[in-house]
Protein chains: 2
Amino acid sequence: MNKPHQVTIKDIARTLGISASTVSRALKDHPDISAETKRQVQQLASSVNYRPNTLALGLRKSKTNTIGIVIPEIVHHFFSTVISGIDDVAYNAGYNTMLCQTNESEERERSSIQNMIDMRIDGFLISVSKNTTQFDHLTNLATDGIPVVFFDRVCEGLPSNRVITDDFEGARIATRHLISQGCKRIAHLTSASSLIISKQRRDGYTTALREAGLEVNPDYIIEADSREAIIANSDKLITIAPEIDGLFAINDSTAITAIQLLQRNGYNIPRDIAVIGFGDGPLTEIVSPTLSTVEQKGYEMGAEAMRMLIRQMESGIINTEYETRVFTPILQPRESTRRL
Amino acid sequence: MNKPHQVTIKDIARTLGISASTVSRALKDHPDISAETKRQVQQLASSVNYRPNTLALGLRKSKTNTIGIVIPEIVHHFFSTVISGIDDVAYNAGYNTMLCQTNESEERERSSIQNMIDMRIDGFLISVSKNTTQFDHLTNLATDGIPVVFFDRVCEGLPSNRVITDDFEGARIATRHLISQGCKRIAHLTSASSLIISKQRRDGYTTALREAGLEVNPDYIIEADSREAIIANSDKLITIAPEIDGLFAINDSTAITAIQLLQRNGYNIPRDIAVIGFGDGPLTEIVSPTLSTVEQKGYEMGAEAMRMLIRQMESGIINTEYETRVFTPILQPRESTRRL
DNA sequence: GCTTGTTGCGGTAACGTTTGCGGTGATTGT
DNA sequence: ACAATCACCGCAAACGTTACCGCAACAAGC
C-alpha cells in the first residue's frame, strides 16, 4: 500500500470539470463565484476530505503559521511550563510550534535557529543559552525582519521584545525576607555571571543587604546553580556554613540540595540557617522543611510571550517599537525560613 | 526596513549569467557541471549566504525532514525527558521537530495531528491522550502511509511501532519488593482504566500478590493518579490505612502525596506502611523518606522512539513489519520501603 | 566524411496554491 | 439596437526547487 495521493485542488477541479482557480475561490467564498458552484465545490471538498497543502501555501504567501521555540533545556520545570503556556496560546490562535532545545550550546543554538529560518518560520520565541557569547545570529534576526520575543534569558544590549521576571526585585524580596526573619550573615548561590538573570539576582541580593545596613561578603557568594554544582562545591558551602545564618539560592533545586547537604552536616533548617529558593517548582511543598521561594509564573510568561509575538507578527510593522513585559515574582514563605 | 528578499537560486543564476538548473546542480556537485562553474556558484552562494527554501523543497519532494511529536502534557518530568531524548536524536540526524501537547483532550489530539499532516510531516511520535476513545485518526495514519511510532501510551489493538516500558513487569517488581519487605496487605493507587499502562500495572500488582499467595482486595485499589486526585480521595485512603502495611502508587508524585497524607495522619513510613512509586522522577531523592520506585528511562525511550521512526521513514517500506521495543524498569529501593 | 560519444549547459514542467487580468454571455439602460 | 454593466469563470504567472529531456560543441573512431 503506497502513499495514497493526497487530494488537491486540481483533483477537485478535474472531477467537477472546472478550473483550479474557480475551486480555490469557491473554497474561500469569493464573491465572483456562483452559489451553485460554491455548493458543489465545498461539498465535494468535504466529502473527499480535501486539505490545503501548507507547503504550497507557505511558498506562495511566505507565511507558514508556524513559530519556533528555542530553549536551553526542556527537562526543567520552569521551561516546560513556559513551553506549555506557549503551546496553548499558539494552538488557540492557529499557530504551530517547532521546538529546539539547545542544551546550552551556542553552536546548536545557531544551527537550530538557522534551520528554522530555512523553514520560513514566522517568528521566534527564544531563551538564550548560558554559553552563548557571540550574538550575531540573534541580531541578524532583527535585520532579517523576523519577529522575535525573548523570554527569561534575554539578550543584553540588543533592543528587543522581552518577557522577563523582575529578577532584581525577586532577589531583593527574597533577601529582605531572610533579613526580616532575623538573618544577618546571608550567603548566595549564584550562576554563570554571563547570564543577565544571575547578575540581576545577585544585584538584588546585595542591594537588599546594603539597604538593611548589612555587609556584603564576597566569600558568601558561591557559583553553584544546580544539584550537581552544589555537590561539586560542597566544601565551599560547608566552609562558610558555621558563619552564616541565611542562604538565598538562585533556584529551588539548588536550594533543596543545599538544605540536604547542610542537614547532613548537622545544621537545623531554618533554626541555624534559613534557606530560600527562587522559581517555585513543584518541589517546594514536597520537601521537608517545605521550601520558601519566590514564585515565577512560567505558564503565564510563555502565554504572554506568545501573545506578544502574535501581536508583532500580525501588526506587519517590524522593528519599530519593542515591548517589554515584566513579571514581578511573589514571595512564598514556607517552613525553610520560619524563624519567628 | 522591510523583509529583505531571501536570496534564491534564481538570483545566483542571474548574477552569474547562467540558468537556475545549472546552479542547482552545481550546488549539489552534479557530475554534469564543470569544475569552474561549480567553483563560481559555490563561492557566490556562500558569500551571499544562500540557503535553500525548505518549503519549495518540501513541495517538490513531498519530504519535509520534520517529524511531529504529540504528547499529553509537557509539564511532566517523564514526558519532558522523552521529548529531550527525541529532540537530541532528531537534531543529530538532521530532522526538525514539531511539538503539540494535547492536554489529554481527544479533540485537540485529532486537530493537532491533522495540522501536522497538512504540513506534510514525515512521521509521527505519539503518546495518546488519556481521554481518547475513538482511534480512527490514529488508524488513518497507517492507511495514509505515514510512519508512526507510539511511545508509552500506545494504542491497543492497533498494530504499530511501539516503544514502551514493561508496565506489567515493573508493577510486579514493585509489588514483589513490598512483599519481600514483609508487607501482606498491599493497596494500589491506579489511574483511568482506559489507559493500557494502568491496566498493565494493575495486573502486575495483582499477579505479584497471587504469586505470593496473598489475597487481592478490591477495596485496596483506589483510582487516584495525581496529587490532586489523592487529595480529592483522601478519605478513601484514610479509611483503609489502618488495615494496610504497603502501598504501590502508579507514579511518584502520587506516592509522595500519599506519604504526606499518611504521615499527617500519624502513620510512620515505612514502619507502618511501606510505599513505592513508579517512574523515578527527580523527586524521589528529595523527599523524606526518600522514595522507592521503579526507574523509567524517559530519555532513552525518546531517543529509541526517534531512532525507530527514522528507520521506518528511511526504509521506504511502509506497513510491512512493526517493531516493538520494551524497556524493563529497574527497581530503585530507597527509604520508603526499608523495613528489614 | 559521417557516425558515435562525451562534456556542459539550458529549457520546461512539475509540486499545490493564489491572484491579476481578461474574457464570455447575459442583462440592463437609453 | 447599441453600449455599458454585471455575474461568472479561465488563463497564466508566480512562489523556489529539481528532474527529465534535449541540444550544442567538440573529440574520437571508422
Side-chain angles (χ1 to χ4, degrees), chain A residues 2-42 44-45 48-66 115 117-122 144, chain B residues 2-42 44-45 48-66 115 117-122 144:
Chain A
N2 270 355
K3 294 246 179 191
H5 172 67
Q6 278 269 3
V7 39
T8 77
I9 274 193
K10 291 185 182 177
D11 297 327
I12 298 182
R14 202 175 314 118
T15 57
L16 248 45
I18 58 181
S19 81
S21 20
T22 303
V23 175
S24 170
R25 278 184 277 243
L27 285 173
K28 50 184 44 171
D29 222 22
H30 193 286
D32 267 12
I33 308 298
S34 75
E36 171 59 12
T37 308
K38 280 183 192 167
R39 199 191 52 73
Q40 287 187 21
V41 170
Q42 288 166 356
L44 178 56
V48 298
N49 194 26
Y50 165 75
R51 303 245 86 215
N53 185 319
T54 329
L55 295 174
L57 270 176
L59 185 58
R60 188 86 226 291
K61 327 191 102 169
S62 328
K63 174 143 184 8
T64 53
N65 257 50
T66 303
N115 273 342
I117 294 179
D118 292 351
M119 303 207 70
R120 300 303 189 268
I121 286 238
D122 292 339
D144 285 356
Chain B
N2 271 355
K3 295 247 178 190
H5 173 68
Q6 278 269 6
V7 38
T8 78
I9 274 194
K10 292 185 182 177
D11 297 326
I12 298 183
R14 203 175 314 119
T15 57
L16 249 45
I18 58 181
S19 83
S21 17
T22 304
V23 175
S24 171
R25 277 181 288 230
L27 285 173
K28 50 185 43 169
D29 221 25
H30 193 284
D32 268 11
I33 307 298
S34 74
E36 171 58 12
T37 308
K38 279 183 191 166
R39 200 191 51 72
Q40 287 188 20
V41 169
Q42 287 167 357
L44 179 58
V48 297
N49 193 26
Y50 165 75
R51 306 242 85 217
N53 185 319
T54 330
L55 294 174
L57 271 175
L59 184 57
R60 188 92 224 292
K61 329 189 101 169
S62 328
K63 176 145 183 7
T64 52
N65 256 51
T66 303
N115 273 341
I117 294 179
D118 293 351
M119 302 206 70
R120 299 305 189 269
I121 285 236
D122 292 339
D144 285 356

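Lettering follows sequence order; numbering is per chain, from 1.
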Can you list the steps and then say if B:Leu55 with A:Thr64 is a side-chain contact (heavy atoms from CB on, under 4.5 Å)? CA-CA 9 Å; B:Leu55 294 174; A:Thr64 53; 3.7 Å; yes
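- The side chain of A:Lys61 contributes no N or O atom lying less than 4.0 Å from OP1 or OP2 of D:dC15.
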Please test B:Lys38 against B:Asp29 for side-chain contact (heavy atoms from CB on, under 4.5 Å), starting from the C-alpha separation and ending with a verdict. CA-CA 7 Å; B:Lys38 279 183 191 166; B:Asp29 221 25; 3.3 Å; yes
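- Rounded to a whole Å, the NZ atom of A:Lys63 is 16 Å from the C1' atom of C:dT17.
- Taking only side-chain nitrogens and oxygens, B:Ser24 never comes nearer than 4.0 Å to OP1 or OP2 of D:dT17.
- Candidate nucleotides C:dT17, D:dC9, D:dT17 were compared by shortest atom distance to the side chain of B:Lys10, and D:dT17 ranks first.
- Using modelled atom types, one side-chain atom of A:Thr54 and one backbone atom of B:Asp118 make a donor-acceptor pair closer than 3.5 Å.
- In this structure, the CG atom of B:Leu55 is 14 Å from the P atom of D:dC15, given to the nearest Å.
- Nearest-nucleotide assignment on DNA chain C puts the 5′-proximal partner with B:Gly17, out of B:Gly17 and B:Arg60.
- Atom pair B:Ile9:CD1 and C:dA14:C1' shows a separation of 15 Å (rounding to whole Å applied).
- In this entry the distance linking CD of A:Gln6 with C1' of C:dC15 reads 13 Å, nearest Å.
- Spacing between atom CG of A:Leu59 and atom C1' of D:dT18 amounts to 13 Å, rounded to whole angstrom units.
- Rounded to an integer number of Å, the gap from B:Leu16 CG to C:dG10 C1' is 15 Å.
- Donor-acceptor pairing under 3.5 Å is lacking for the side chains of B:Ser24 and B:Ser21.
- Spacing between atom NE2 of B:His30 and atom C1' of C:dT7 amounts to 12 Å, rounded to whole angstrom units.
- Inter-residue side-chain proximity for A:Val7 and A:Asn49 is flagged as unmet; no heavy-atom pair is nearer than 4.5 Å.
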Check the pair B:Asn53 / B:Thr8 against side-chain contact (heavy atoms from CB on, under 4.5 Å), numbers first and verdict last. CA-CA 8 Å; B:Asn53 185 319; B:Thr8 78; over 6 Å; no
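- At a threshold of 4.5 Å between non-hydrogen side-chain atoms, the residues A:Asn65 and B:Met119 do not count as touching.
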Using nucleotides 20-25 of chain D, report all nitrogen or oxygen pairs with the protein that are shorter than 3.5 Å.
unit_1: D:dC20; atom_1: N4; unit_2: B:Arg25; atom_2: NH1; d: 3.1

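- A:Gln40 places its CD atom 14 Å from the C1' atom of D:dC9, with the value rounded to the nearest Å.
- Considering only the side chain of B:Thr22, C:dG10 comes nearest among C:dG10, C:dT19, C:dT17.
- Between A:Ile18 and A:Thr37, some side-chain heavy-atom pair lies under the 4.5 Å cut-off.
- Within 4.0 Å of A:Ile18, counting heavy atoms only, lie sugar-phosphate atoms of the nucleic acid but no base atom.
- Fit an axis to the five pairs at each end of the helix from C:dG1-D:dC30 to C:dT30-D:dA1 and the two axes sit 70° apart, to the nearest 10 degrees.
- A sub-4.0 Å separation between OP1 or OP2 of D:dC8 and a side-chain N or O of A:Thr37 is absent.
- Residues A:Tyr50 and A:Leu44 form no side-chain contact, since every pair of their non-hydrogen atoms from C-beta on lies 4.5 Å or further apart.
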Does A:Ile12 form a side-chain contact (heavy atoms from CB on, under 4.5 Å) with A:Ile9? I'd like the steps, not just the answer. CA-CA 5 Å; A:Ile12 298 182; A:Ile9 274 193; 5.5 Å; no
